[in-house]
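Remarks on the structure that follows.
Lettering follows sequence order; numbering is per chain, from 1.
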2 protein chains.
Amino acid sequence: MENDFLYEMEYPGLTGRLKRLSDLFIYQTKQFYRDHDLDIEPNWHPIFELLKKHERLTITEIATYLHFTHPAIVKLIDKMKAHGYIKSIRDKTDKRKFQLELSEKARSKMPLLETYWAAGNLALEQMLEFDDSLLQQMKVLESNMSSREFNRRMEDNLKN
Amino acid sequence: MENDFLYEMEYPGLTGRLKRLSDLFIYQTKQFYRDHDLDIEPNWHPIFELLKKHERLTITEIATYLHFTHPAIVKLIDKMKAHGYIKSIRDKTDKRKFQLELSEKARSKMPLLETYWAAGNLALEQMLEFDDSLLQQMKVLESNMSSREFNRRMEDNLKN
DNA sequence: TTAATTTATGTAACCAGTTACGTAATTTGT
DNA sequence: ACAAATTACGTAACTGGTTACATAAATTAA
């Protein structure tokens, strides 16, 4: 973190730092999985959780829950299928849809995977010193950003 | 922000949220530039600032300052050159290097660009309510993450 | 009932970054 | 002085997401 020019900058620095932080989490989580010979990837985790909770979902439903575009989910699910974690059943009443659910392999592996995910959750809480104010502040920022408040404010500020 | 599954998840949710927040900043900044017919991109901003401060730098120096890989900087600089913002002079004493500096066009446009960047900086400060505790907490998280503390803690937690 | 619209999925091309690799120029060690 | 190692840059192929477009199925409206 020494000699890091992004600290010297303000909002464009923050943008880069957010992405970098996200990348660091992904990178170290990947490493963690690799070290323990788990054939899963960090971005599959939300899908596991979603299908655990909802039993069966379509591509579009998953995309909506996770706020990704549907082509992104198509690719993810293809990969999870290739590893045998997803069972996909063509919908009887609407033949455009595929109902996706966790495979037997996925369900039997879940208890093991959950111990790793729990270790990750705890690690994060420890690093944040069990203080959720960062998450709270991010929430404020996120809801401002998602309503294009940032853009509006930039325009306003420019006029002065 | 309603119906957002990433809120229901803990650390893997945070990872996704960080990236999403970063993307929102980039997206709205791009829009802002487009609305004002500025032919620049958000990720050029740090390079402008860097070359303003340091006058002339090489590809590798820029990559080091910004913590990007050098191929990323090659591509960025190529694009900025194509738009006439960068002048590149082969180093006399070390012919592998190119000394990069802001072009005349860049220098004459800087005062204008800075008004837009200032509007952005202020917008961020407003959204954070002039409270830098988010940035402080990110700093803590970043320095923990960059020393692979997260990975170490996950391993420790797993053993219990 | 068919024509028009909408929805669900798939696919191709792109984007901004990465890793891996190649090559030319420089520096180091003997 | 020259062989070996290192450095600076370039390029290709990959990654994980996007937008734009195509197509098949379902729904709505005349």
Side-chain angles (χ1 to χ4, degrees), chain A residues 6 12 15-31 33-34 40-47 56-82 86 88-100, chain B residues 6 12 15-31 33-34 40-47 56-82 86 88-100:
Chain A
L6 291 187
T15 302
R17 287 166 64 191
L18 288 166
K19 171 145 196 313
R20 225 161 54 188
L21 201 42
S22 166
D23 289 345
L24 280 167
F25 272 110
I26 293 168
Y27 183 80
Q28 290 181 43
T29 304
K30 261 187 185 161
Q31 190 60 55
Y33 292 161
R34 211 177 304 124
I40 58 171
E41 297 184 20
N43 55 0
W44 299 1
H45 185 171
I47 298 190
R56 49 181 39 168
L57 292 170
T58 65
I59 296 279
T60 321
E61 284 165 344
I62 294 175
T64 304
Y65 275 118
L66 299 182
H67 295 248
F68 280 110
T69 58
H70 83 268
I73 306 300
V74 170
K75 286 188 203 173
L76 265 173
I77 291 291
D78 279 353
K79 225 168 170 184
M80 291 178 74
K81 267 187 199 163
I86 297 288
S88 115
I89 307 135
R90 177 152 237 152
D91 191 300
K92 286 276 174 349
T93 65
D94 183 340
K95 286 184 213 151
R96 294 169 307 177
K97 295 181 186 173
F98 289 89
Q99 295 292 341
L100 307 172
Chain B
L6 292 186
T15 302
R17 287 167 62 191
L18 288 166
K19 171 139 196 316
R20 225 162 52 188
L21 202 41
S22 166
D23 289 345
L24 280 168
F25 273 109
I26 292 168
Y27 182 80
Q28 290 182 42
T29 304
K30 260 187 184 158
Q31 190 59 55
Y33 291 161
R34 213 177 301 124
I40 58 170
E41 296 183 21
N43 56 0
W44 298 1
H45 185 172
I47 298 190
R56 50 183 37 170
L57 291 170
T58 65
I59 296 280
T60 323
E61 285 166 342
I62 295 174
T64 305
Y65 275 118
L66 300 182
H67 295 248
F68 279 110
T69 58
H70 83 268
I73 306 299
V74 170
K75 286 188 203 172
L76 267 172
I77 291 289
D78 278 354
K79 227 169 169 183
M80 291 179 74
K81 267 187 199 163
I86 296 287
S88 114
I89 306 136
R90 178 153 236 149
D91 191 299
K92 286 275 172 351
T93 65
D94 184 340
K95 286 183 214 155
R96 294 169 307 179
K97 296 180 184 173
F98 289 90
Q99 294 294 339
L100 306 171

Measure the distance from NZ on A/K97 to P on C/dG10 and round it to the nearest whole Å.
-> 13 Å
Start at the 5' end of DNA chain C and walk down; is the nucleotide closest to B/D94 or to A/T58 reached first?
-> A/T58
Within this structure, what is the CG-to-C1' distance between B/D78 and C/dG17, rounded to whole angstrom?
-> 15 Å
Side chain of B/T60 (C-beta onward), nearest among D/dA25, D/dA8, C/dT9 = D/dA8
For the side chain of B/F98, starting at C-beta, report the closest nucleotide among C/dA16, C/dG10, D/dG10.
-> D/dG10
Report the residue (A/T93 or B/E61) whose heavy-atom-nearest nucleotide on DNA chain D is the more 5′ of the two.
-> B/E61
Taking atom P of C/dT11 as reference, at what distance in whole Å does atom CD1 of A/I59 sit?
-> 11 Å
4.5 Å side-chain heavy-atom contact, B/I47 and B/L57 | no
Collect all protein-nucleotide pairs involving nucleotides 17-24 of chain D in which both atoms are nitrogen or oxygen and the distance is under 3.5 Å.
unit_1 : atom_1 : unit_2 : atom_2 : d
D/dG17 : OP2    : A/N43  : ND2    : 2.9
D/dG17 : N7     : A/K75  : NZ     : 3.2
D/dG17 : O6     : A/K75  : NZ     : 2.7
D/dT18 : OP2    : A/T69  : N      : 3.3
D/dT18 : OP2    : A/T69  : OG1    : 2.5

Between P of C/dG17 and CG of A/L18, the distance in whole Å = 14 Å
Can you find a side chain N or O atom of A/K30 that sits less than 4.0 Å from OP1 or OP2 on D/dG16?
-> yes
So which one's nearest nucleotide on DNA chain D is more toward 5', B/Q99 or A/K95?
-> B/Q99
Which whole-number value in Å describes the distance from A/K79 NZ to D/dT15 C1'?
-> 7 Å
Do the non-hydrogen side-chain atoms of B/L6 and A/H67 ever get within less than 4.5 Å of each other?
-> no
Whole angstrom value for the distance that separates P of D/dC9 from CD1 of B/I77 = 11 Å
In whole angstroms, how far is the P atom of D/dG16 from the CD1 atom of B/I26?
-> 18 Å
Using a 4.5 Å cut-off on heavy atoms from C-beta on, say whether the side chain of A/H45 contacts that of A/T29.
-> no
For A/I26 and A/S22, what are the C-alpha separation, side-chain angles and deciding distance, and is it a side chain to side chain contact (heavy atoms under 4.5 Å, CB included)?
-> CA-CA 6 Å; A/I26 293 168; A/S22 166; 4.0 Å; yes
CG of B/L100 versus P of D/dC9: gap in Å, rounded?
-> 8 Å
